[in-house]
Amino acid sequence: MRPRVRFAPSPTGPLHMGGVRTALYNYLFAKKLQGDFILRIEDTDQQRFVPGAEEYIIEALRWCGIAPNEGVGFGDGPHAPYRQSERKDIYRQYAEQLVQSGHAYYAFDSAESLELQRKAQEAAGSAFSYNSATRLQLTNSLVLSEADVRQRLQSGEAFVIRLKVPENETIHVQDIIRGDVHVVSSQLDDKVLFKSDGMPTYHLANVVDDYLMKITHVIRGEEWLPSAPLHVLLYRSFGWESVMPQFAHLPLLLKPDGNGKLSKRDGDRLGFPVFPLNWTDPVTGEVSSGYRERGYYPEAFVNVLALLGWHPSDDQEVFSMQELMEKFSLERVSKSGAKFDPEKTKWFNEHYLRQRTDEQLGLALRSLVKNSFGLEEDDPRMTSAFLNAAARLLKDRVQFEHELVVKGEYLFIAPDQYEEAVIAKRWKPELAEVFEAVINAYQAADSFTEEQAELIFKEVAAAHQCKPGDLLQLFRVMISGHGAGVHLFGMVSLLGKQEVIKRLQRALAVLQASV
RNA sequence: GGCCCGUUCGUCUAGGGGUCUAGGACGCGUCCCUUUCACGGAUGAAACACGAGUUCGAAUCUCGUACGGGCUACCA
């Protein structure tokens with residue numbers, strides 16, 4: 001049977017990278033088995049709804065190359081709508097059905113009165129639970145007369161519908177990742193299925209929709225494991241046990257240091273993004289940075305995420321989305337939480353950057369250069385020949401594309417400062433005439449290839465009884481301003497005869513003036 | 001507190017009773033390459049939480065302890 005899986009986020013804010021990983025695993029699982037992957041928006045909490053969050057989720061998935069074939073933002077399918085707020089009427093009907101069959105009941109206790117009970121119990125050193133032990137002392141259709149209940153409902157009194165959890169049964173959840181997980185039903189409470197605001201809770205909506213949308217596998221975060229038995233109970237109560245999906249609860253993403261779930265705060269504190277894309281809080285205006293805007297490639301981001309909790313049996317670390325689709329399996333997902341390591345993400349980005357061609361990086365460099373230095377389109381430095389060559393020179397020393405202009409600024413802009421330490425160590429006034437000779441020799445050169453430029457330089461050095469080693473770093477500083485950088489004669493050749501001569505003359509003037 | 005889940009180098013992990021003097025990757029150290037810095041190559045330090053048990057033999061199985069995490073809302 002072709003699997004059908006879903007990613008069902010709540011639009012309560014930007015999608016966290018843990019959420020992206022859940023989406024990714026669902027997607028990979030579906031693709032591997034030629035199944036369907038659905039995006040369903042679980043917006044049943046009216047209080048926590050955040051405008052823009054849904055659009056963010058869709059854009060984030062797009063950026064990562066995770067494409068649902070059904071669902072909000074990706075073209076509806078046969079089970080539309082895929083937004084739970086638009087399916088509101090469905091849930092009431094199913095909740096009522098459970099009441100009719102005796103698996104659920106109406107409860108009229110106010111949130112405040114329950115809170116009071118909870119506090120009282122807590123003060124007494126135990127915990128309050130709305131369950132088989134307490135339900136008969138509370139205000140619900142189990143204790144109220146039928147007439148009373150009808151009267152309350154008709155008068156519009158606020159009510160919720162709660163699941164009547166059986167008293168002493170062992171509930172088993174077969175989890176693909178964790179095996180048999182079981183709990184005694186007395187530990188569960190009579191969870192609210194239908195809220196007084198007319199919306200279902202996650203538990204009801206999730207189970208009903210998974211059933212209606214013919215979901216075969218529920219792949220979600222470990223935070224849902226404790227409520228999985230409740231969901232099993234729901235399937236049973238509905239009589240849907242034979243089509244109940246299989247469960248797979250994914251290990252959590254943990255903070256890089258210390259303990260606990262990875263949170264936005266950790267990113268701020270340690271300086272790495274926890275979101276795929278930038279997010280601007282609609283209320284505070286606060287911006288949280290995203291991987292995309294920080295210059296990460298989606299391939300790198302996805303690759304890292306894939307390996308956080310999953311690993312094939314061999315030593316492969318670099319995977320394209322295609323390879324992930326072929327190799328992924330839930331059986332190889334680990335059980336324990338994974339601490340996120342921002343460093344490794346950088347390494348992956350570096351790796352993917354190295355795989356780009358000079359042309360691709362040259363193209364990236366074009367807009368970077370235009371923005372940073374304001375070069376005109378007809379500037380000789382904006383030709384693809386120049387940009388591609390510059391990219392080739394810089395490629396092995398950056399992790400991100402945006403570093404190309406930072407580390408390669410001197411390829412575009414002549415330096416106006418010369419690294420002090422090198423000057424202090426290497427510069428001697430009598431060297432001026434050597435560099436004058438270099439200028440003259442370059443002036444006379446008819447070819448200015450990398451090899452030619454190097455050959456000429458070394459000939460001049462030899463003619464002045466200088467070891468090239470004594471001159472090279474100085475030469476580099478005069479050309480670029482820095483004592484370290486891209487391949488020297490590659491840079492010289494790229495800049496071209498006139499520019500190099502100009503820079504040398506200027507450097508000589510500055511150096512001689514400063515002595 | 002209760003319930004559930006977990007525990008191999010700093011981190012991600014391989015490992016499914018003997019092939020483990022525990023492998024790979026990131027990070028870190030050293031060396032080589034390079035008359036720069038990187039890249040690349042080589043190499044090193046670095047882990048089976050602890051205690052019992054099962055077994056001829058345990059990182060691998062069982063139990064306990066410790067530690068960590070999750071859940072415990074009319075949030076998802």
Side-chain angles (χ1 to χ4, degrees), chain A residues 8-13 42-48 84 107 109-111 114-115 118 122 125-130 158-162 173 175 177-179 181-184 186-189 191-203 205-206 220-229 249 251-252 254-261 304 307-318 332 334-348 350-351 354 393-398 407 422 467-473 475-477 480 482-488:
Chain A
S10 249
T12 54
E42 310 221 328
D43 54 348
T44 53
D45 186 347
Q46 301 169 331
Q47 269 73 47
R48 293 209 307 156
Q84 290 185 328
D109 318 83
S110 70
L114 290 176
E115 189 53 36
R118 217 161 261 133
E122 206 174 298
S126 63
F128 170 78
S129 181
Y130 205 126
F159 71 96
V160 299
I161 294 175
R162 287 180 181 270
V173 178
D175 188 281
I177 295 166
R178 284 152 217 286
V181 176
H182 52 269
V183 65
V184 183
S186 326
Q187 300 293 340
L188 272 32
D189 63 341
K191 275 271 177 301
V192 170
L193 302 177
F194 194 81
K195 301 184 274 189
S196 59
D197 66 359
M199 283 292 218
T201 59
Y202 170 85
H203 307 291
N206 193 260
R220 79 233 297 190
E222 193 186 352
E223 68 269 26
W224 292 110
L225 191 54
S227 48
H249 289 93
L252 261 17
L254 273 19
K255 304 175 186 300
D257 61 342
N259 306 107
K261 243 199 314 193
V304 164
L307 256 16
L308 248 29
W310 170 84
H311 201 279
S313 52
D314 59 23
D315 287 337
Q316 188 174 350
E317 299 265 347
V318 176
R332 293 203 58 86
S334 54
K335 294 180 173 70
S336 49
K339 282 191 181 179
F340 176 66
D341 177 11
E343 284 308 312
K344 199 154 184 172
T345 316
K346 288 185 189 162
W347 179 82
F348 272 103
E350 183 181 313
H351 177 86
R354 300 263 151 69
L393 242 25
L394 291 162
K395 190 175 183 171
D396 281 341
R397 51 200 80 224
V398 297
K407 299 220 169 171
V422 179
K467 280 188 289 184
D470 296 333
L471 261 27
L472 285 171
Q473 203 185 13
F475 183 39
R476 171 185 292 286
V477 171
S480 72
H482 300 277
V486 300
H487 182 70
L488 179 55

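Letters A, B, ... are given to chains in the order of the sequence lines, protein chains preceding strands, and every chain is numbered from 1.
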May I ask which nucleotide in the shown strands pairs with B/rC71, Watson-Crick or G-U wobble, both distances under 3.5 Å?
B/rG2
Please say whether more than 12 non-hydrogen atoms of neighbouring residues, nucleotides or ligands are located less than 6.0 Å from CD in A/Glu122.
no
A/Asp315 side chain: which of B/rG15, B/rG24, B/rG6 is closest?
B/rG24
For the pair made of NE2 in A/His311 and C1' in B/rA25, what is the distance, rounded to whole Å?
7 Å
In whole Å, measure the gap between the C1' atoms of B/rU11 and B/rU34 for me.
31 Å
Using a 4.0 Å heavy-atom cut-off, does A/Asp109 contact any base of the nucleic acid, only the sugar-phosphate backbone, or nothing at all?
base
Mind checking if A/Glu42 touches a base, just sugar-phosphate, or nothing, with heavy atoms under 4.0 Å?
sugar-phosphate
Spell out yes or no: do the side chain of A/Lys407 and the base of B/rA38 have one donor N/O and one acceptor N/O closer than 3.5 Å?
no
Span that lies between the C1' atom of B/rC26 and that of B/rG17, in whole angstrom:
32 Å
Using a 4.0 Å heavy-atom cut-off, does A/Lys346 contact any base of the nucleic acid, only the sugar-phosphate backbone, or nothing at all?
nothing
Can you identify which nucleotide, out of B/rC74, B/rC3, B/rC4, has its nearest atom closest to the A/Val181 side chain?
B/rC4
Roughly how many Å is it from CD in A/Glu343 to P in B/rA25, rounded to a whole number?
17 Å
Does A/Ala158 or A/Leu472 map to a spot on RNA chain B nearer the 5' end, using the closest nucleotide for each?
A/Leu472
With a cut-off of less than 4.0 Å, is there a side-chain N or O of A/Lys195 near OP1 or OP2 of B/rA76?
yes
Taking only the side-chain nitrogens and oxygens of A/Arg220, find out if one of them lies under 4.0 Å from OP1 or OP2 of B/rA76.
no
Any side-chain heavy-atom pair from A/Arg178 and A/Pro251 closer than 4.5 angstrom?
yes
Closest-nucleotide 5' rank along RNA chain B - winner of A/Gly469 and A/Gln84:
A/Gly469
Whether the side chain of A/Gln473 engages the backbone of A/Gly483 through a donor-acceptor N/O pair (distance < 3.5 Å, no angle test) should be reported.
yes
Mate of B/rA42 across any strand shown (Watson-Crick or G-U wobble, both atom pairs under 3.5 Å) is B/rU30
Between the main-chain N or O of A/Val477 and the side-chain N or O of A/Ser480, is there a donor-acceptor pair closer than 3.5 Å?
no
Base, sugar-phosphate alone, or nothing: which one does A/Ser334 contact when heavy atoms must sit under 4.0 Å apart?
sugar-phosphate
Is any side-chain N or O of A/Arg162 closer than 4.0 Å to OP1 or OP2 of B/rC74?
yes
What's the gap between B/rA38 and B/rA14 when it is taken at their P atoms, as a whole Å value?
33 Å
Any side-chain N or O of A/Lys261 less than 4.0 Å from the OP1 or OP2 oxygen of B/rC71?
yes
Please report the distance separating the C1' of B/rG27 from the corresponding atom of B/rG10, rounded so that it comes out in whole Å.
8 Å
Are the side chains of A/Asp197 and A/Gln46 in touch, meaning some heavy atoms are under 4.5 Å apart?
yes
Out of B/rA38, B/rU36, B/rG70, minimum distance to the side chain of A/Glu223 belongs to B/rG70
Using the P atoms only, state how far B/rA45 lies from B/rA66, rounded to an integer number of Å.
36 Å
Assign A/Ser186 to base, sugar-phosphate, or nothing according to its heavy-atom contacts below 4.0 angstrom with the strands shown.
nothing
Looking only at side-chain atoms of A/Val183, point me to the closest of B/rU36, B/rC3, B/rC26.
B/rC3
Please check if atom NZ in A/Lys395 has more than 12 non-hydrogen atoms from other residues, nucleotides or ligands closer than 6.0 Å.
yes
For the side chain of A/Asp341, counting heavy atoms from C-beta on, which of B/rC74, B/rC39, B/rG10 is nearest?
B/rG10
Answer yes or no: does a side-chain N or O of A/Lys395 lie under 4.0 Å from OP1 or OP2 of B/rA38?
no
Kindly point out which of B/rC3, B/rC71, B/rC26 is positioned nearest to the side chain of A/Pro226?
B/rC71
Suppose we define a pair by two distances each less than 3.5 Å, Watson-Crick or G-U wobble; what does B/rU19 pair with here?
none
How close or far is atom C1' of B/rA76 from atom NZ of A/Lys191, stated in whole angstroms?
12 Å
Within this structure, what is the NZ-to-P distance between A/Lys344 and B/rU13, rounded to whole angstrom?
9 Å
What is the separation between atom CG on A/Asp189 and atom C1' on B/rA73, rounded to the nearest whole Å?
9 Å
Electrostatic pair A/Lys346-A/Glu350, nearest N-O below 4.0 angstrom:
no
Which nucleotide in B/rA76, B/rA25, B/rU11 has an atom nearest any side-chain atom of A/Thr44:
B/rA76
Would the base of B/rC75 count as contacting A/Arg48 through its side chain, where contact means a donor and an acceptor less than 3.5 Å apart?
yes
Do A/Asp45 and A/Tyr202 have a side chain donor and acceptor closer than 3.5 Å?
no
Take atom P in B/rG24 and the same atom in B/rG64, then report the distance between them in whole Å.
36 Å
Consider only side-chain N and O atoms of A/Arg220 and A/His249, and report whether a donor and an acceptor are under 3.5 Å apart.
yes
How far does the C1' atom of B/rU21 sit from the matching atom of B/rA47, given to the nearest Å?
15 Å
A/Ile177 CD1 to B/rU7 P, straight-line distance once rounded to whole Å:
13 Å
Length of the NE2-C1' vector between A/His487 and B/rU35, whole Å:
11 Å
How far, in whole Å, is B/rU8 from B/rC20 if one measures between their C1' atoms?
12 Å
Which base, if any, makes a Watson-Crick or G-U wobble pair with B/rU7, both distances under 3.5 Å?
B/rA66
Heavy atoms from C-beta onward define the side chain here; which of B/rC26, B/rC3, B/rC12 lies closest to that of A/Leu308?
B/rC12
A/Ala127, nearest nucleotide to its side chain (from B/rC4, B/rG1, B/rC39):
B/rG1
Quick check against the 3.5 Å criterion: does A/Thr201 have a side-chain atom that pairs as donor or acceptor with the backbone of A/Val192?
yes
Sugar-phosphate only, base, or nothing, as touched by A/Gly309 at under 4.0 Å among non-hydrogen atoms:
sugar-phosphate
So A/Ala338, base contact, sugar-phosphate only, or nothing? Heavy-atom distance under 4.0 Å.
sugar-phosphate
Could you tell me whether A/Val398 contacts a base, only the sugar-phosphate backbone, or nothing, with contacts defined as non-hydrogen atoms closer than 4.0 Å?
nothing
Could you state the NZ-P distance from A/Lys339 to B/rG27, rounded to the nearest angstrom?
19 Å
Check every atom of B/rU36, B/rA76, B/rC74 against the side chain of A/Arg476 and return the nucleotide holding the closest atom.
B/rU36
So what does A/Gly260 hit on the nucleic acid, given a heavy-atom distance under 4.0 Å: a base, only sugar-phosphate, or nothing?
sugar-phosphate
Looking for any heavy atom pair under 4.0 Å, which part of the strands does A/Thr12 touch: base, sugar-phosphate only, or nothing?
nothing
Could you please name the partner base of B/rC61, counting Watson-Crick and G-U wobble pairs only when both distances are under 3.5 Å?
B/rG53
Has the side chain of A/Glu222 got a donor or acceptor atom sitting under 3.5 Å from an opposite partner on the base of B/rG6?
no
